[in-house]
Amino acid sequence: MTEQPAKRYDPHAIEARRQAAWRARDAFQTPSLTEGQPHKYIKPSAPFTSGNIHIGHVRSYSIGDAYARFSRARGDAVLFAFGFDAFGLPAELGAIASGESPSDWVSRCATHMTGQLQRLGFSFDWDRSFLSSEARMYRWSQWLFLTLLANDLVYRGTGSVDWCEHCSTTLATIQVENGLCWRCHNPVQLIQRTQWYLRISAYVPENDRRSQELAASGMWDESSLASQRFVLGRVDGVELDLRAPDGTELTVFTPHSDALAEARFVAISPKHPEVERWVANPAVLEQLEELRSGGLQRDSREADAIPLIDTGHFLSGPSGDPLPVLISPAVDGRFGATAVLGIPELDQTDAVIAQRLAAQVDAPVQAPLRAESALYEVRPAVRYRANDFSISRQRSWGTPIPIVYCEECGTVPVPFEQLPVLLPLDLKPTGAGNPLAERADFVQVDCPRCGGPARRETDTLDCHFDALWLWIPACVPPHERERPLGEIFALEDLRQWLPAGRLVAGSDSGNFVFDQRIVTKALRDIGPLSFIADGEPFAGCLFHEMVIRDGRKMSKHLGNVVDPDELVERFGADTVRLAVLYAARPQRTLNWSDSAVLRSHRFLTQVWEYSHARLADAEALASADDGEPVKDTSEHLRLKLSTWCETAVEKITEEMQSLEMHSAVRNIMRLFDRIKDFEKRVAARQGALRRADSDALIDALTLLAALLGPFAPHLSEELWIALGHNGDTQLPWPGVSSQVPA
RNA sequence: GCCCGGGUGGCGGAAUCGGUAUACGCAGCGGACUUAAAAUCCGCGGCUCGCAAAAGGGCAUGUGGGUUCGAGUCCCACCCCGGGCACCA
């Protein structure tokens, strides 16, 4: 009857035991779906192969895992798996720093991170995980690229990139420091390049419309909807067709429908499809070309520095006044590729532009005479900031673009049956040039059309493009992975799991998600995803905020990084997971504090030790004779306990369904306090617990163990077993009605 | 500049609908246990006035207004902090 050493809470022993048991029984293997079975595909974010799992990952996956385990406990078939987002600049830089090939570096990182995630006990189906940099995976990107190209949703255009002459390489924004190359500190130039673009504009209006449906469904939380609204950049206003003296018309837009008479100029985006019509003058054409090749400098986004071209043309304005026609990229950022009315009175940017316009005109321009105030038809109109974006990168660590340039046939797409175009694995980027372009064995190729000499495209796809499909292959059973992609989309499994029931990702994923929604609609119309009628990849979505410390983002530079490994080593996985869930509601920034971990650890320790102590008491009571029947003085307390339990289950179930994990954990903690309170009160009333009290107490503790399942899965399963239940299967989630003891 | 968050004790932070502000925890103080310490357990705890204690009073949710019987919560204006603003993922 004395305290046994086994009753001490030893998270490391418990967690090792449970994880071994899960492995032994393939606990998290994705079940194949049977007709009509409730199921959920819970999509976690694809971690970048950065080398280490950080506390933000722990938060993200703790939320997803709690939801996955909750869903399984309620009897749903669950798909919970992910792939690593393994291409991209940081991997290239990591490889340069370590002297490895990116391929080796990335797989080493993935192995290490997988180990970290397994130690934390997340219930991923590891058989389905993958790296986006595997050939059997990036063929998805190539297939998607060609499919979209064939449907005019991928096209070639011209754009400007930062270029370092000394390193003969393109630079990412983060590699440009004060206008200098980060590596050699020489000045960076903007050069013009032909690039591949994704035509998201084709589906932006539908994304807008569908967002409203998603909001109505209640499955998308407010912060994820807000991020979609932000990426969309919808502006409501009116449009009208203005006429030039020669009769040419231009449709202009303004959000200020009530101030049309105040218009002072018209500004056209350089990307406007009809912009050429307004640059007849050679000097103006030259300025436009300069603007296009120079691109938009990062530091000249402000209205007082942004390029401004006066075309010399005029349009007759709504009030009859002649309005000068300008070309400026200032339009793009606010309304997309369109033409707008400049209304200085109401708009600050317009005010600055009007001022600059007045200053830059030396002699009064010979404006056409004021025309008769024309009556214009004013139509309601909508503009979006979301615009087509470049998907090609001049880097070696990415999906090769399946395009060949032939002297005879020009630009030739690689035929589908020749995919994948393999990326050489032994690439050693140095930071200078693009090593892919220097590989004769890669570049030189026979034209797939005429067989003549040809060159491969050496640009690779941005990993943003990979992300467009990264959520799909988890639905493909591992043994089907190698099949042609056309067949994979026909798999019954894939069609069952899609669309995903819930996406759980960081709030910085707004852009990805927006574009995934676009591409799903494109693939719906093209055919492969025709079974997703609304073109929405995620039925539900939760964006959680990040983990910060001392009010700042964590960074090595600030020395405020929290190391998950260290925490797991000190307190165990259950404690760490519970702490990040309990510390803040998912949608809110979690300001890290050690007290949350200490609190969690103490709570779990108490639950463990208290449950075992009461279990020992119960056994002692069972073996002793209960003695004379005495007056039952604690019945009302047992009833109260039972009510508390029922209320808790009801509340916590609701909170789990809406992913309010922080409240769920707090309610579990409260329930534990009440259970202890029950014991205290019974003891105070009648001195000791009798059989009926003890039974009620053990029932309540059993319930507590089941409720803890999604949060502290290792501890709860061990408790469940200690309390006399079968630990070889999924812990069931308590039902409200079945919970009342007979 | 624009967009999105946030501002409550010494600290992290609670407070579904507008209804006892400061739950819970950390640090602190007092006590129990101990040769002692650690660990654990119990208790106290916004600021201020009140001779000490108690009773009691006053003031407190970034600032200033407003709505209301009643505001941390709703409205308006402002200040401060953080994050984002697209070739970083």
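Excluded from the calculations below are hydrogen atoms, water molecules and symmetry mates; all remaining heavy atoms, backbone and side chain alike, are included. For clarity, every value in this text was computed on a predicted model and none was experimentally measured. Letters A, B, ... are given to chains in the order of the sequence lines, protein chains preceding strands, and every chain is numbered from 1.
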**Study point:** Any donor-acceptor N/O pair under 3.5 Å between B:C26 base and A:Arg599 side chain
**Key:** no

Revision key, fill the gap. Result for 5'-nearest mapping on RNA chain B, choosing between A:Phe389 and A:Gln587, is A:Gln587

Revision key, fill the gap. A:Asn667 atom CG is separated from B:C24 atom P, nearest whole Å, by 14 Å

Revision key, fill the gap. Atom CD1 of A:Ile548 and atom P of B:G83 are separated, to the nearest Å, by 8 Å

Check your understanding: Is the gap between the ring centers of A:Phe130 and A:Phe84 under 6.0 Å?
Key -> no

**Study point:** By side-chain contact (heavy atoms from CB on, under 4.5 Å) - contacts of A:Arg229 (at least two apart)
**Key:** A:Glu222, A:Leu225, A:Ala226

Practice item. Among A:Trp196, A:Phe145, A:Tyr197, find the residue that satisfies the ring pair (Phe, Tyr, Trp, His ring centres under 6.0 Å) test when tested with A:Tyr155. Key: A:Tyr197

Practice item. Just compare B:G83, B:A86, B:C87 and give me whichever is closest to any side-chain atom of A:Gln195. Key: B:C87

Study note, to complete from the structure: Whole-Å distance, A:Arg674 CZ to B:A23 C1', equals 12 Å

Point to revise | Distance between P atoms of B:U61 and B:G5 (Å, rounded) | key: 23 Å

Practice item. Quickly, which of A:Phe603, A:Phe672, A:Tyr9 forms a ring pair (Phe, Tyr, Trp, His ring centres under 6.0 Å) with A:Tyr610? Name it, please. Key: A:Phe672

Practice item. Both distances under 3.5 Å, Watson-Crick or G-U wobble: report the partner of B:C74, or none. Key: B:G66

Check your understanding: Taking NZ, NE, NH1 and NH2 as the nitrogens, is one of them in A:Asp673 or A:Arg670 under 4.0 Å from a carboxylate oxygen of the other?
Key -> no

**Study point:** Given B:C87, B:G83, B:A89, the nucleotide with the shortest approach to the side chain of A:Arg393
**Key:** B:C87

Exercise for review: Using a 90° cut-off around 0 for syn, call B:G9 syn or anti.
Suggested key: syn

Review point. With rounding to whole Å, what would you report as the distance between B:G19 and B:C74 at their P atoms?
Key: 11 Å

Review point. Looking only at atom C1', what distance separates B:U73 and B:A14, rounded to whole Å?
Key: 14 Å

Review point. At under 4.0 Å between heavy atoms, what does A:Asp85 touch on the DNA or RNA strands: base, sugar-phosphate, or nothing?
Key: sugar-phosphate

Practice item. Using heavy atoms to find the nearest nucleotide of RNA chain B for A:Ser390 and A:Ala226 separately, return the residue whose nucleotide is more 5′. Key: A:Ala226

Check your understanding: What integer number of Å spans the C1' atoms of B:G10 and B:C4?
Key -> 31 Å

Check your understanding: Are A:Arg517 and A:Asp515 ion-paired here, with the side-chain N under 4.0 Å from a carboxylate O?
Key -> no

Practice item. Report the residues that fulfil side chain to side chain donor-acceptor pair (under 3.5 Å) with A:Arg108, sequence neighbours left out, ordered by chain and then residue number. Key: A:Glu100

Exercise for review: Using whole Å, report how far CZ of A:Phe87 lies from P of B:A89.
Suggested key: 12 Å

Review point. If the C1' atom of B:G46 is compared with that of B:C29, how far apart are they to the nearest Å?
Key: 16 Å

Exercise for review: Please determine which of A:Phe87, A:Phe512, A:Trp469 meets the ring pair (Phe, Tyr, Trp, His ring centres under 6.0 Å) test together with A:His464.
Suggested key: A:Phe512

Review point. Whole-Å distance between B:C87 C1' and A:Asp515 CG?
Key: 13 Å

**Study point:** Who pairs with B:C85 - Watson-Crick or G-U, where each distance is under 3.5 Å
**Key:** B:G1

Revision key, fill the gap. d(A:Met219 CE, A:Gln657 CD) to nearest 0.5 Å is 9.5 Å

Practice item. For B:C17, measure the glycosidic angle (O4'-C1'-N9-C4 for a purine, O4'-C1'-N1-C2 for a pyrimidine) and name it syn if it falls within 90° of 0, otherwise anti. Key: syn

Practice item. Taking atom P in both B:C79 and B:A15, compute the distance separating them and give it to the nearest angstrom. Key: 29 Å

**Study point:** Centroid-centroid distance, A:Phe538 to A:Trp471, less than 6.0 Å
**Key:** yes

Revision key, fill the gap. Quick note, A:Asn387 side chain, CB onward, closest among B:C3, B:A86, B:A89 is B:A86

Exercise for review: Determine which nucleotide pairs with B:G28, using a 3.5 Å limit on both distances of a Watson-Crick or G-U wobble pair.
Suggested key: B:C44

Protein-nucleotides 41-44 of chain B N/O pairs closer than 3.5 Å?
residue, atom, partner, partner atom, Å
B:C41, OP1, A:Gln606, NE2, 2.9

Review point. Across the strands shown, which category fits A:Met669 at heavy-atom distances under 4.0 angstrom: base, sugar-phosphate, nothing?
Key: nothing

Exercise for review: In whole angstrom, give me the gap between the P atoms of B:A77 and B:A21.
Suggested key: 29 Å

Exercise for review: Take atom C1' in B:A89 and the same atom in B:G25, then report the distance between them in whole Å.
Suggested key: 35 Å

Review point. For every nucleotide of nucleotides 9-21 of chain B, 5' to 3': is a protein heavy atom under 4.0 Å from its base (B), only from its sugar-phosphate (S), or from neither (-)?
Key: ---SSS-B-----

**Study point:** Distance in angstrom units between A:Asp673 CG and B:A23 P, rounded
**Key:** 14 Å

Point to revise | Partners meeting side-chain contact (heavy atoms from CB on, under 4.5 Å) with A:Ala474 (sequence neighbours left out) | key: A:Tyr41, A:Ala81

Could you pull out every donor-acceptor pair under 3.5 Å between side chains of residues 580-591 of chain A and any protein atom, sequence neighbours left out?
residue, atom, partner, partner atom, Å
A:Gln587, NE2, A:Asp221, OD2, 3.4
A:Asn591, OD1, A:Asp550, N, 3.2

Point to revise | Rounded distance (Å) that lies between atom C1' of B:C4 and atom CZ of A:Arg234 | key: 20 Å

**Study point:** Between B:A89 (C1') and A:Asp466 (CG): distance, integer Å
**Key:** 12 Å

Point to revise | Nucleotide paired to B:U20 in any strand shown, Watson-Crick or G-U, under 3.5 Å | key: none

